[in-house]
Amino acid sequence: MSLKWNDEMLLAFKKIMEIDKRFENLFDQIGSPENRAIKEGFQSLAKIIIGQQISTIVAKKIYDKLIKDNMLNEQNLAKTSIENLKLYGLSSQKSHYLSNLASLVNNKDIDIGSFKYMPGEDLTNLLIKIKGIGQWTINNYKIFALQDIDAWPSADLALQEAVKIIKQLDNRPNQDEMEKIGKAWKPYRGAAALFLWHLYNKVKVEKRTFYYV
């Protein structure tokens, strides 16, 4: 059974439309964000790390190969050599990141199952200390796996481009500017991010026309 957006996230979609009517306009034209919820756990966190700074197509190929060989679990990854991981198309750096994360989970130095019970800031402070896990990875895991309605991946380029579109800006906002912009959408920035990624996909990928109001 596939996962779906939970009730809290569905309510957050409604709330962000009340806070900012531009999201209501967006909804009227392209509907709600597509279901992209993923299962909590090591595999999902590893998948997000794999997707760092590479195309979605390349990331999927690497991920599918690892899944096929039953490599995306902490037990198998922890005992696999870096050289073997690189054969799947992973860089040396990402191979080290995944191996290190697998060892931490396998040795019970971190408990991924406890993440959903942790305040967002506490989770960020825990994960940011792990090599290879930055704000982008943390916030993507929060949104897609934990369905955190206020997570805000301000460094994400597609998200920045979508903000440029919806706010009719001349230039794509940088991370600092995104943090300032996001304050107006608290505590529903995660819902806003999902709407904005949905907008980016429709306009930039599917080449749909977006009409401003």
Side-chain angles (χ1 to χ4, degrees), residues 1-19 23 32-52 56 59-60 62-64 66-67 70-78 94 97-156 158-159 175 178-179 182-183 185-198:
M1 182 177 176
S2 61
L3 294 172
K4 296 181 180 179
W5 299 130
N6 59 30
D7 290 342
E8 186 179 16
M9 185 63 81
L10 293 175
L11 178 60
F13 291 155
K14 295 180 181 179
K15 291 294 185 180
I16 196 62
M17 286 190 278
E18 293 173 4
I19 288 175
F23 288 97
S32 295
E34 296 172 359
N35 176 35
R36 296 170 62 191
I38 59 176
K39 188 177 179 181
E40 299 171 41
F42 176 84
Q43 187 177 110
S44 292
L45 185 53
K47 182 179 183 179
I48 295 171
I49 292 173
I50 291 168
Q52 293 171 354
T56 303
K60 186 178 186 305
I62 295 172
Y63 175 79
D64 288 346
L66 288 162
I67 287 292
N70 192 30
M71 289 296 297
L72 273 190
N73 60 71
E74 56 269 33
Q75 293 84 11
N76 289 343
L77 266 179
K94 279 189 187 174
Y97 293 163
L98 292 173
S99 180
N100 177 59
L101 177 63
S103 295
L104 289 172
V105 176
N106 202 40
N107 295 333
K108 303 189 185 307
D109 292 318
I110 60 171
D111 176 14
I112 293 183
S114 70
F115 289 0
K116 61 186 173 184
Y117 304 111
M118 298 175 67
E121 188 174 348
D122 291 349
L123 179 56
T124 296
N125 291 336
L126 171 68
L127 291 178
I128 204 72
K129 297 173 185 176
I130 301 173
K131 185 173 287 189
I133 297 182
Q135 291 286 353
W136 184 86
T137 298
I138 293 168
N139 281 301
N140 273 271
Y141 186 81
K142 282 182 177 181
I143 290 176
F144 296 110
L146 302 180
Q147 300 200 37
D148 183 338
I149 63 172
D150 195 41
W152 184 239
S154 55
D156 186 89
L159 193 61
Q175 187 172 357
M178 288 284 286
E179 287 294 333
K183 288 180 180 179
W185 298 329
K186 286 177 68 66
Y188 306 110
R189 293 177 300 175
L194 288 168
F195 258 121
L196 290 163
W197 275 319
H198 188 44

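Worth knowing before you read on, the calculation uses all heavy atoms, side chains too, and leaves out hydrogens, waters and symmetry mates.
With hydrogens and angles disregarded, a donor-acceptor distance shorter than 3.5 Å links the side chain of Q147 to the backbone of N6. Looking at D156, its side chain never comes within 3.5 Å of a backbone N or O of W136 through a donor-acceptor pair. In terms of modelled atom types and a separation under 3.5 Å, the side chain of N107 and the main chain of S103 share a donor-acceptor contact. Judged purely by atom type and a 3.5 angstrom limit, W152 uses its side chain to pair as donor or acceptor with the backbone of M178. With K15 contributing its side chain and Y188 its backbone, the two residues share no donor-acceptor pair below 3.5 Å.
With rounding to the nearest 0.5 angstrom, the CD1 atom of I130 is 6.0 Å from the CG atom of L101. Rounding to the nearest 0.5 Å places CG of N35 at 11.0 Å from CD1 of I38. Between the CG atom of N140 and the CG atom of L45 there is a distance of 10.5 Å, given to the nearest 0.5 Å. In this structure, CD1 in I133 is found 8.0 Å from CD in Q52, a value given to the nearest 0.5 Å. The line from CE of M17 to OG of S32 is 6.0 Å long, rounded to the nearest 0.5 Å. Put simply, CG on L3 and CD on E40 are 9.0 Å apart, with the number rounded to the nearest 0.5 Å.
Contact record, Y141 with G41: OH-N, 2.8 Å, taken as the closest heavy-atom pair. For I112 against F42, the heavy-atom pair with the smallest separation is CD1-CA, 3.5 Å. When all heavy atoms are compared, the tightest approach of G132 to T137 is O-OG1, 4.3 Å. Nearest heavy atom pair, residue P153 against residue W197, reads CG-CH2, 3.6 Å. Minimum heavy-atom separation, K142 to E121: NZ-N, 4.5 Å. For A151 against N139, the heavy-atom pair with the smallest separation is CB-OD1, 3.6 Å.
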For residues 70-77, dump all side-chain donor-acceptor pairs below 3.5 Å to protein atoms at least two apart in sequence or in another chain.
residue, atom, partner, partner atom, Å
N70, OD1, N73, ND2, 3.3
N73, OD1, Q75, N, 3.2
N73, OD1, N76, N, 2.8
N73, ND2, N70, O, 3.2
N76, ND2, N70, O, 2.6

Checklist entry - Can you list the steps and then say if Q43 with I67 is a side chain to side chain contact (heavy atoms under 4.5 Å, CB included)? => result CA-CA 9 Å; Q43 187 177 110; I67 287 292; 3.5 Å; yes
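For residues 108-119, no residue pair satisfies the side chain to side chain donor-acceptor pair (under 3.5 Å) rule, not counting sequence neighbours.
Contact of the K4 side chain with the L10 side chain is not registered, since no non-hydrogen atoms from C-beta on lie closer than 4.5 Å. In this structure the side chain of P33 reaches within 4.5 angstrom of the side chain of F13, judged on heavy atoms. Counting heavy atoms from C-beta on, the side chains of L123 and L146 come closer than 4.5 Å.
Between F23 and F195, the two ring planes are tilted [angle within 30° to 60°].
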